[in-house]
Amino acid sequence: MDPFLSLLHSFSSGLTESELGSLKFLCRDKIPKRKLEGVRSGMDLFGLLLEQRAIAEDSVDLLETLLRAVKRLDLVEQLQQFVEEGEANAPNQPDLNEKPFDIIYENVGRDWKRLMRRLGLPEVRIENIEAAYSNRLSEQVFKSLREWQKWKGKNAKVADLIKGLRDCCLNLVADKVEQ
C-alpha cells in the first residue's frame, strides 16, 4: 500500500463537511469548477489534486498550505512528520497488526487518555489529540493509538498494549487483544 495515499486517506476521514467546503474553495485555481462540483469527500479532492500533479509524495507544499488555511494543524504536523520520517514510519504502516488497534478502538472509549498515560505517551500529545478531535471520541481513540505507535516506532509492541490495558483495569479488552 502506498504510504502517501494512506496518509491522504487518513486526512480525508478526519475532515468535516465545512473543512472540505473550504478546501474546495481554495482549490478553485487548481481544479476546474465542473470537477470540483463532483467532489464529495477529501479522497475525491486529493485524487483530483494528484491527477493535476498539484500534490505528490515529494511535493506537499500545496497540501500543507491548504491544511493550514483550514486550521488543521494536527494534520500539518502529521504531514511534516511523514516528510521527515519518510516511508519507514508512515502513520498507516504499523509495526503491529491492525487487529489489536481495532479491538481497542471499539472497546476503550473514554478511558483512552488513561491508557495512553500508562503507555507513556507524553501529556502534550494527549492534549493535542483531545483538542484536535474534541467532539469525536472515536477519532481521539484512533489517533492516540496511531500517535503512540509513531512515538514508540519499532518498539511498539502488542505486549505493551496488553500490559497498559491491564494496568487500567481493562482486562476484558486485554483478553480480547490476546486472543
Tell me whether the count of non-hydrogen atoms from other residues, nucleotides or ligands lying under 6.0 Å of CD in E139 goes above 12. yes

Between K143 and S10, does any side-chain donor sit less than 3.5 Å from a side-chain acceptor? yes

Donor on one side chain, acceptor on other, Q140 and E130, under 3.5 Å: no

Side-chain contact test, heavy atoms from C-beta onward, threshold under 4.5 Å: evaluate it for [X] versus [Y] and give yes or no.
X: E19; Y: T16; answer: yes
X: K113; Y: R118; answer: no
X: D111; Y: L170; answer: yes

Smallest separation among heavy atoms of L50 and A56, with atom names: CD2-CA, 4.4 Å

Rounded distance (nearest 0.5 Å) linking atom [atom1] of [X] with atom [atom2] of [Y]:
X: I31; Y: L48; atom1: CD1; atom2: CG; value: 4.5 Å
X: L119; Y: I126; atom1: CG; atom2: CD1; value: 9.0 Å
X: L7; Y: Q78; atom1: CG; atom2: CD; value: 6.5 Å
X: S144; Y: Q149; atom1: OG; atom2: CD; value: 11.5 Å
X: F25; Y: L36; atom1: CZ; atom2: CG; value: 11.0 Å

Stepwise salt bridge (Lys or Arg N to Asp or Glu O under 4.0 Å) check, E178 with R166: CA-CA 11 Å; E178 281 182 327; R166 294 206 185 282; 2.8 Å; yes

Group every Ile, Leu, Val, Met, Phe, Trp and Tyr by side-chain heavy-atom contacts under 4.5 Å, then state whether [X] and [Y] land in the same group.
X: V158; Y: I104; value: yes
X: M43; Y: V60; value: no
X: V76; Y: L49; value: yes

Specify whether F11 and F46 have parallel, tilted or perpendicular ring planes, treating 30° as the upper limit for parallel and 60° as the lower limit for perpendicular. perpendicular

Walk me through whether Y133 and F142 qualify under side-chain contact (heavy atoms from CB on, under 4.5 Å). CA-CA 10 Å; Y133 304 99; F142 179 78; over 6 Å; no

